[in-house]
> 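Here it is, the structure, as structure tokens.
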Amino acid sequence: MFALADCNDFYASCERVFNPALEGVPVVVLSNNDGCVIARSAEAKALGIKMGEPEFKCRDRLRQGGVEVFSSNYALYGDMSSRMMATLAEMAPEIEVYSIDEAFLDMSGFGRFDLAAYATEMRRTVRRHTGIPISIGIGATKTLAKVASRMAKKNPASGGVVVLSSPEEIAAALGATPVEDVWGIGRKWSRRLQEWGILTASDFAAAPVSWVRMQMHVVGVRVQAELKGESCLPLELVRPVKQSICTSRSFGRSVVLLEELYQAVATFSGRSAVKLRAEGQMASMVTVFIGSSPFADEGERCWFSRTATLKAPSMDSSVILKTAAAMLEGLFREGFEYRKAGVMLSGMVPRDQPGTTMLLFEEEPDEDRGTRLMAVMDEVNRRYGKSSIRLAAEDMNAWRPVRQRLSPRCSTQWDEILQVR
DNA sequence: TCTGGGGTCCTAGGACCC
DNA sequence: TCTGGGGTCCTAGGACCC
């Protein structure tokens, strides 16, 4: 059996932990640049505030409803997430951290326990240790655990815990789950399935496998098998290394000058390189993209991107920056209002692995110097704080998104604890 | 006027290898 | 008129997840 532990309204709940006055009050959290609603408390949902809705479109409703609105505080959410995961890890033999607010747990050794009672205890413990409310769903596959956790959230009478074990329980749960709410069935596929009269998870489970394979390929077949109780997705105990690393931002204002874009691209190159070294990887490809607002009028809309392969895999910030900067110059076209840029690294190669490709015709003059320099940079930043030293072309402050309603980072910054209301 | 930021996997087709 | 069998790598695009 798998359990899925899933936080309720995670970001909104985090805001409440250090500000109990928010209890019972509608709360929403906004995306970068205070653009869209990305988390809502139950009270905010009841007011009809939609997930992903732009703030400017619901501003009046937010004010009328007395909603407390916050910019996203990733330092706080990340820290609360690790506290919650640490608590869960103590209560199950194996855990897969699936996202910032979800974890799958291995329940296979709990045959002699009352699973529902144990899950209730896990819920209570997480709440006591972290202040975060969670729901727990348990089933024979990850997809069934997802179905169960959705029911635990929807149905208050469940006490936040749903276990699907008997065939009758499973059948009832699948019948009550709209097909678009099945994990792995997104917008496009659910619309297609609905056209064929497949409206619930139970309809989908009953569809002929050959038809599912034709329409949705192996991915759809896997979802279906999981719904039927056949486990295809194992618990992933060690996170695989990332295959790509991306740093990108919307600007919150228009940028027309190449020099300004250069500074943004330099900053994102530096951030991506830091993430790359933290993964212990080297990248062999660098992609740069710049673009207008996707909402710009036809003709003023643009999206340019280019990818270069490095002469040899690298983790050196300055090599990555030089490559990205050269591409930016080729990419840039005057006359557009740019609103977004990003730098992506891919073609990962493990560091310190013998047999990696080396340059054929050139000596590698600065390889060692670059490696040592980066090690020193990372160490200084570890000791004295992020971006204490960086490439001169970077300017994190200039490209930090607007966050006007940020709450204090009171679990990671001593000086901000004093700001707690 | 104002609209986020990360990721994954799969398929199909083209170019190439022996 | 007839024209093999088995691969790899790369790119683009489409679907999905949080």
Side-chain angles (χ1 to χ4, degrees), chain A residues 4 6-7 9-11 28-39 50-60 62 69 71-74 77-78 81 96-104 142-143 146 149-150 179-193 212-223 226 232-233 236 239-254 268 271-272 275 279 284-285 287 289 291-297 301 303 305-309 337 339-348 357 399-404:
Chain A
L4 176 68
D6 193 344
C7 300
D9 320 321
F10 182 54
Y11 295 172
V28 305
V29 177
L30 302 177
S31 63
N32 270 346
N33 291 315
D34 295 340
C36 297
V37 173
I38 55 170
K50 294 280 174 283
M51 182 67 176
E53 203 176 355
E55 184 271 346
F56 74 90
K57 285 192 182 170
C58 55
R59 192 169 294 160
D60 291 342
L62 290 171
V69 179
S71 305
S72 31
N73 185 344
Y74 291 111
Y77 311 150
S81 173
E96 173 189 337
V97 176
Y98 175 67
S99 74
I100 194 166
D101 72 333
E102 281 170 78
F104 286 105
K142 284 181 164 182
T143 307
K146 275 269 190 185
S149 93
R150 176 182 166 279
V179 75
E180 68 265 27
D181 286 347
V182 173
W183 189 40
I185 310 268
R187 271 227 316 277
K188 289 267 168 72
W189 281 354
S190 56
R191 221 178 303 151
R192 282 232 294 268
L193 289 170
V212 173
R213 173 175 291 278
M214 215 164 57
Q215 297 288 321
M216 302 163 72
H217 318 285
V218 298
V219 186
V221 172
R222 207 154 49 202
V223 172
E226 283 249 322
C232 308
L233 305 168
E236 285 185 16
R239 182 175 70 72
V241 295
K242 286 190 164 59
Q243 300 185 24
S244 64
I245 288 172
C246 181
T247 306
S248 74
R249 291 287 178 276
S250 297
F251 298 143
R253 65 178 171 92
S254 296
F268 304 154
R271 289 294 315 148
S272 288
K275 295 183 196 171
E279 284 275 310
S284 42
M285 285 182 288
T287 303
F289 54 85
S292 66
S293 162
F295 305 100
D297 290 336
R301 213 173 321 153
W303 183 257
S305 93
R306 192 171 288 184
T307 302
T309 301
E337 296 195 355
R339 298 299 293 256
K340 182 171 180 152
V343 173
M344 188 162 99
L345 306 176
S346 54
M348 303 309 188
T357 311
W399 302 105
R400 201 196 300 280
V402 178
R403 291 187 294 183
Q404 287 188 340

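Letters A, B, ... mirror the listed sequences (proteins, then strands); counts begin at 1.
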> Report which part of the nucleic acid A:Glu102 touches: base, sugar-phosphate, or nothing (heavy-atom distance under 4.0 Å, all strands).
sugar-phosphate
> Using whole Å, report how far CZ of A:Phe251 lies from C1' of B:dC2.
17 Å
> Is the shortest side-chain N/O distance from A:Arg339 to OP1 or OP2 of B:dC2 below 4.0 Å?
yes
> Within the structure, does a side-chain N or O atom of A:Lys340 lie under 4.0 Å from either OP1 or OP2 of B:dT3?
no
> So A:Arg222, base contact, sugar-phosphate only, or nothing? Heavy-atom distance under 4.0 Å.
sugar-phosphate
> With the side chain of A:Val218 defined as its heavy atoms from C-beta on, choose the nearest nucleotide among B:dG6, C:dC18, B:dT11.
B:dT11
> Looking at A:Ser250, does any N or O in its side chain come under 4.0 Å of the phosphate oxygens OP1/OP2 on B:dT3?
no
> OP1 or OP2 of B:dG6 versus the side-chain N and O atoms of A:Lys242: is any pair under 4.0 Å?
no
> Return the value, rounded to whole Å, for the distance between atom CD of A:Gln243 and atom C1' of C:dC10.
15 Å
> In this structure, how many angstroms lie between the C1' atom of C:dT11 and the CZ atom of A:Arg306, rounded?
16 Å
> Just the rounded figure in Å: distance from C1' of C:dA15 to CH2 of A:Trp183.
15 Å
> Looking at every strand, decide which applies to A:Ser244 at a 4.0 Å heavy-atom threshold: base, sugar-phosphate, or nothing.
sugar-phosphate
> Please work out if A:Asn33 contacts a base, only the sugar-phosphate, or nothing of the nucleic acid, heavy-atom cut-off 4.0 Å.
nothing
> When you measure from the side chain of A:Tyr98, which nucleotide among B:dT8, B:dC9, C:dC18 comes out closest?
C:dC18
> Tell me whether the side-chain N/O atoms of A:Arg253 come closer than 4.0 Å to OP1 or OP2 in B:dC2.
no
> Using a 4.0 Å heavy-atom cut-off across all strands, classify A:Leu30 as base, sugar-phosphate, or nothing.
nothing
> Will you find, in the side chains of A:Glu337 and A:Ser254, an N or O donor that is under 3.5 Å from an N or O acceptor?
yes
> Parallel, tilted or perpendicular: which one describes the rings of A:Tyr98 and A:Trp183, with boundaries at 30° and 60°?
perpendicular
> Rounded to the nearest 0.5 Å, how far apart are CD1 of A:Ile245 and CD of A:Glu279?
5.0 Å
